[in-house]
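Report on one structure; see the data block that follows.
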Amino acid sequence: MDVGALAAAGVALIVGLLTWTQSRATNRRSDFQAITDRLDREVTVERTQRKLLTRAYLDLHGWARRVGPDTPAGPAPEPPAELDLTPWR
């Protein structure tokens with residue numbers, strides 16, 4: 001083999017390796033972006049549900065303070081309609 005063929009093969013190998021690592025880095029960046037976007041959406045939904053759950057808890061607590069153990073009680077307040085209670089059912 002001559003030196004020119006070995007040099008060309010070496011350069012091709014280095015270029016191929018650099019291209020491969022660059023494409024892996026690009027894939028990792030896009031995967032990271034997709035993951036962070038999904039987490040942002042989930043956090044937004046969870047914050048909304050926490051606010052609604054807190055509101056329902058405060059309504060129930062206020063009702064319990066107004067209604068003593070020996071007073072006739074009306075029905076407890078219903079939670080907000082948009083509150084998702086499926087994990088507790």
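All residue numbers in this chain count up from 1 along the given sequence.
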Check your understanding: Are side-chain heavy atoms of Lys51 and Thr54 found at a separation under 4.5 Å?
Key -> no
Revision key, fill the gap. Shortest non-hydrogen pair, Ala56 vs Leu83, comes out as CB-CD2, 4.2 Å
Check your understanding: For the atom pair CD (Gln49) and OG1 (Thr44), what is the distance rounded to the nearest 0.5 Å?
Key -> 12.0 Å
Review point. With side chains defined as the heavy atoms from C-beta onward, is the minimum distance between Leu53 and Arg50 less than 4.5 Å?
Key: no
Review point. Nearest 0.5 Å, what's the OG1-CD distance between Thr48 and Glu82?
Key: 9.5 Å
Check your understanding: Please walk me through it: do Arg41 and Asp37 pass salt bridge (charged side-chain N to carboxylate O under 4.0 Å, His left out)?
Key -> CA-CA 6 Å; Arg41 284 191 308 274; Asp37 290 344; 5.5 Å; no
